[in-house]
Number of protein chains: 2
Amino acid sequence: MARRYSAQKQIIEDTLAKMDHPTAAEVYEEIRKAYPQISLGTVYRNLGLMADDGEILRLSFPDAPDRFDPNAHEHYHVSCSRCGRIFDTDRTFPSELVRQVDRAVEACTGVRVESRVMMFRGVCAACRSGRA
Amino acid sequence: MARRYSAQKQIIEDTLAKMDHPTAAEVYEEIRKAYPQISLGTVYRNLGLMADDGEILRLSFPDAPDRFDPNAHEHYHVSCSRCGRIFDTDRTFPSELVRQVDRAVEACTGVRVESRVMMFRGVCAACRSGRA
DNA sequence: TTCCATGCAAAGCGTTTGCACACAC
DNA sequence: GTGTGTGCAAACGCTTTGCATGGAA
């Protein structure tokens, strides 16, 4: 059941942890700087497996490659419609609010919520004031 | 600025309205029953344009084709992790809750929310009781 | 020794696009 | 008549996969 150790998976994990919602290709390019022999297929394979195992999050956006998030905890994702940057909500986000929404969703649809990938669009603070 | 009238766009719009979160291919197949001469490219083109204009919603899921929703109003999407069906929240969903979340998101990330595509996973009522 | 993970390259699939033609205006 | 939308098919980009090899257990 447990996966066999592999240096590549370790590197992918460590690299993802240092990046900000990268695509698989971005992870690949970053790793290649230090380990030019790694293959894109391996990066995809490991990211996919980690996402399936719930270790990390895979985020899908229209017309764009998937992005990965090492933080699999419940949080929201917000992308700025001007600069495209992606923000996470953090621990300061009231968790009762999340639970309240879960309950309202279940009341409305009958679905008992297990996980949330919630994406918002808006304009970030930097873009609203001066420049992006 | 206004788009020119086209019978195809009209059909696509009408067909989408009658379906439940279909993919572009599903819309195409449905239309083909009555209008076999329509082309897949036209379906994609029109759905894409409508989504860009905010007329309809385009939903992206990992490892699956995009799905389209004729209802562009603020609502949540919930997909059942067992049967894969997609549910919408409806007007009974408390809108103050949505606004509360928007405010909390802005407090947390600095992003002023303009639109929400919120997707949950869980197990629907049908799957929880008997069979799907 | 066993068999899972890798590297490589090709295939797969959803989606977009270029072009010639048709049709709304 | 002018220019946007269509049909068709080819191209595209992201992602997965088959296969031979290498390395963990």
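Note on naming: letters A, B, ... go to the chains in the order of the sequence lines (proteins, then strands), and numbering restarts at 1 for each one.
Exactly one residue among A:Asp69, A:Ile12, A:Leu16, A:Leu49 makes a side-chain contact (heavy atoms from CB on, under 4.5 Å) with A:Ile56. That residue is A:Leu16.
The CD atom of B:Gln8 sits 9 Å away from the C1' atom of D:dG7 (whole-angstrom rounding). In this structure, A:Tyr28 atom OH and D:dC14 atom P are separated by 14 Å, rounded to whole Å. One atom, CD1 of B:Ile11, and another, C1' of D:dT6, lie 12 Å apart when rounded to the nearest Å. Rounded to an integer number of Å, the gap from B:Asp66 CG to D:dC14 P is 14 Å.
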Exercise. Apply the test salt bridge (Lys or Arg N to Asp or Glu O under 4.0 Å) to residues B:Glu26 and B:Arg67: give CA-CA distance (whole Å), side-chain angles for both, the deciding distance (0.1 Å), then the verdict.
Key: CA-CA 9 Å; B:Glu26 287 166 352; B:Arg67 296 183 167 275; 3.4 Å; yes

Exercise. Please assess A:Arg32 against A:Glu29 for the test salt bridge (Lys or Arg N to Asp or Glu O under 4.0 Å), listing each intermediate value before the final yes or no.
Key: CA-CA 5 Å; A:Arg32 240 151 67 94; A:Glu29 286 305 334; 3.6 Å; yes

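A single hydrophobic cluster is not seen to contain both B:Leu57 and A:Phe61; linkage of ILVMFWY side chains at heavy-atom distances under 4.5 Å, directly or through other members, places them apart.
Contact of the A:Val43 side chain with the A:Leu47 side chain is registered, since non-hydrogen atoms from C-beta on lie closer than 4.5 Å.
Within a heavy-atom distance below 4.0 Å of DNA chain C, the residues of residues 31-49 of chain A found are A:Gln37, A:Ile38, A:Ser39, A:Thr42, A:Arg45, A:Asn46.
Looking at which nucleotide of DNA chain D each of B:Arg4 and B:Asp63 is closest to, the 5′-most match is held by B:Arg4. Place B:Ser6 and B:Arg58 on DNA chain C by their nearest nucleotides, and B:Arg58 ends up nearer the 5' end.
Along DNA chain C, read 5' to 3', the first and last nucleotides having any atom under 4.0 Å from a heavy atom of chain B are C:dG14 to C:dC25.
Contact detail for A:Arg128 and A:Val123: the closest heavy-atom pair is NE-O, 3.3 Å.
Note on ring orientation: taking the six-membered ring where Trp is involved, the planes of B:Phe93 and B:Tyr76 are tilted (angle from 30° to 60°).
Between B:Glu55 and B:Lys9 there is a salt bridge, since a side-chain N of the basic residue sits under 4.0 Å from a carboxylate O of the acidic one.
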